[in-house]
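Let me begin by presenting the structure, written as structure tokens, before commenting on it.
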Amino acid sequence: MKPKLFSIMKNSPEELKGKNLVKDIVAGLIVAVVALPLSIALAISSGVSPEVGLITAIIAGFIISFWGGSRVQIGGPTAAFVVIICGIIDQYGIEGLIVATILAGIFLVIMGVLKLGDIIKFIPFPITVGFTTGIAVTLFTTQLNDFFGLNIQGLSSECLPKWWAYITNISKINWTATAIGVGSIIVIVLWGKVSKRIPGSLVALILSTVVLYLLQKNGMATEVQTIGSKFSDLKGAIPMPHIPNFTKVNIGALVQPAITIAILAGIESLLSAVVADGMTGDKHDSNQELIAQGIANIASALFGGLPATGAIARTATNIKNGGRTPVAGMVHAIVLFVIMIVAMPLAKLIPMATLSAILIVVSFNMCQFKEFVEIGHTTKTDLFCFSSYFPFDSCI
């Protein structure tokens with residue numbers, strides 16, 4: 001087993017020079033722009049501060065590209081982990097999440113060494129559709145509090161109690177925040193017709209931030225919540241690595257959450273790599289990819305980051321913009337690091353409703369409605385697999 005980057009350096013070093021290198025750098029820049037709002041939004045939705053999402057994308061993203069078995073895989077935090085992370089933090093705290101992520105990384109490395117990558121690829125399609133759709137529904141539900149500016153404190157981590165809280169507090173809707181959220185969704189959806197290179201999520205984030213800043217400067221919309229009003233202590237730097245105190249957590253209780261993280265990371269990363277192979281005509285090394293995912297998750301946790309995996313949308317963006325070697329993914333991580341150092345103070349002005357709008361669009365895109373309907377008309381076996389792995393426990 002050998003990382004793709006090392007194979008390219010040995011067998012075709014010309015791919016890392018001249019015009020090819022320029023294409024990878026440009027692709028990395030564009031992917032960083034796409035990853036920026038997503039990383040911040042996913043961190044907040046997971047119950048941690050915004051910079052944690054960027055730390056994850058920087059540390060894990062660089063390692064996944066540098067050490068991975070795919071030429072074009074882009075790694076970082078993804079929406080599929082949000083529900084799992086929230087559950088772990090609620091039950092075991094941040095320290096518990098860090099330990100669970102480290103354990104998951106160890107499990108992933110072991111899976112790669114034992115060459116279990118090929119087995120994961122045979123997981124039935126209805127299972128992945130059911131799981132992904134369930135996660136999308138749950139993610140959508142978590143965003144309504146900020147989208148409508150309800151500012152409900154102490155929301156339940158379960159889905160139905162959340163909906164009941166929304167219904168009973170419907171009179172508290174902040175119409176300015178809601179207008180910002182709706183406007184952000186409109187910009188995200190329509191911007192794709194204007195430009196494919198610049199993501200609509202970034203345009204919506206910039207426009208809504210400027211509009212809210214001008215309103216608040218003139219004494220209006222002061223009640224609309226921003227990142228700064230919710231997270232006063234934003235840090236524009238990556239902290240020193242921290243080894244958690246394993247004696248203060250119940251390792252045995254964290255094994256099951258760690259296995260969940262490892263399996264989800266393995267499935268999502270290899271699914272992304274398979275999609276990437278279809279777009280590029282290349283063939284990834286699934287076992288090397290698992291090892292890279294494991295190392296990346298361990299490193300991310302040590303720096304206080306979240307679980308990470310290969311991100312299909314960001315990987316596809318990389319490919320469509322000319323990325324063909326791991327250099328693009330490494331550039332993406334470096335660019336995010338520079339942005340974090342330079343622009344983190346400006347993040348305090350971003351409306352929470354805009355970040356919710358971004359994740360609402362993400363959850364909509366995650367729902368595989370066509371496949372969902374097709375499975376309902378297929379064999380009873382497929383339907384059973386689908387219903388068995390739809391995460392009802394996370395919704396009720």
Can you name the side chain to side chain donor-acceptor pair (under 3.5 Å) partners of [X], sequence neighbours left out?
| X | result |
| --- | --- |
| Thr209 | none |
| Lys115 | none |
| Ser363 | none |

Worksheet item: side chain to side chain donor-acceptor pair (under 3.5 Å): which pairs involve residues 171-182, sequence neighbours left out?
Response: Asn169-Lys172

Response to the item:
Here the side chain to side chain donor-acceptor pair (under 3.5 Å) pairs for residues 299-314, sequence neighbours left out, are none

Which residues share a side-chain contact (heavy atoms from CB on, under 4.5 Å) with [X], sequence neighbours left out:
| X | result |
| --- | --- |
| Ile251 | Val99, Leu103, Phe246, Val249 |
| Thr247 | Asn245 |
| Lys320 | Met279 |

Considering only distance and modelled atom types, tabulate donor-acceptor pairs under 3.5 Å from the side chains of residues 335-354, sequence neighbours left out.
{"unit_1": "Thr354", "atom_1": "OG1", "unit_2": "Ser184", "atom_2": "OG", "d": "3.3"}
{"unit_1": "Thr354", "atom_1": "OG1", "unit_2": "Ser208", "atom_2": "OG", "d": "2.7"}

Indicate every side-chain donor-acceptor pair of residues 139-150 with a distance under 3.5 Å to a residue at least two apart or in another chain.
{"unit_1": "Thr141", "atom_1": "OG1", "unit_2": "Val137", "atom_2": "O", "d": "3.0"}
{"unit_1": "Thr141", "atom_1": "OG1", "unit_2": "Trp163", "atom_2": "NE1", "d": "3.1"}
{"unit_1": "Thr142", "atom_1": "OG1", "unit_2": "Leu139", "atom_2": "O", "d": "2.6"}
{"unit_1": "Gln143", "atom_1": "OE1", "unit_2": "Ser356", "atom_2": "OG", "d": "3.4"}
{"unit_1": "Gln143", "atom_1": "NE2", "unit_2": "Ser45", "atom_2": "OG", "d": "2.7"}
{"unit_1": "Asn145", "atom_1": "OD1", "unit_2": "Asn151", "atom_2": "N", "d": "3.2"}
{"unit_1": "Asn145", "atom_1": "OD1", "unit_2": "Ile152", "atom_2": "N", "d": "3.0"}
{"unit_1": "Asn145", "atom_1": "ND2", "unit_2": "Ile152", "atom_2": "O", "d": "3.2"}

Worksheet entry | Proximity of Phe62 and Trp67 rings by center, below 6.0 Å | no

Discussion item. If we count only N and O atoms by modelled type, under 3.5 Å, do the side chains of Glu51 and Ser49 hold a donor and an acceptor together?
Written reply: yes

Worksheet item: Quick one: salt bridge (Lys or Arg N to Asp or Glu O under 4.0 Å) partners of Arg71, sequence neighbours excluded?
Response: Glu15, Asp282

Practice prompt. Go through the structure and list residues passing salt bridge (Lys or Arg N to Asp or Glu O under 4.0 Å) with Asp277, not counting sequence neighbours.
Written response: none

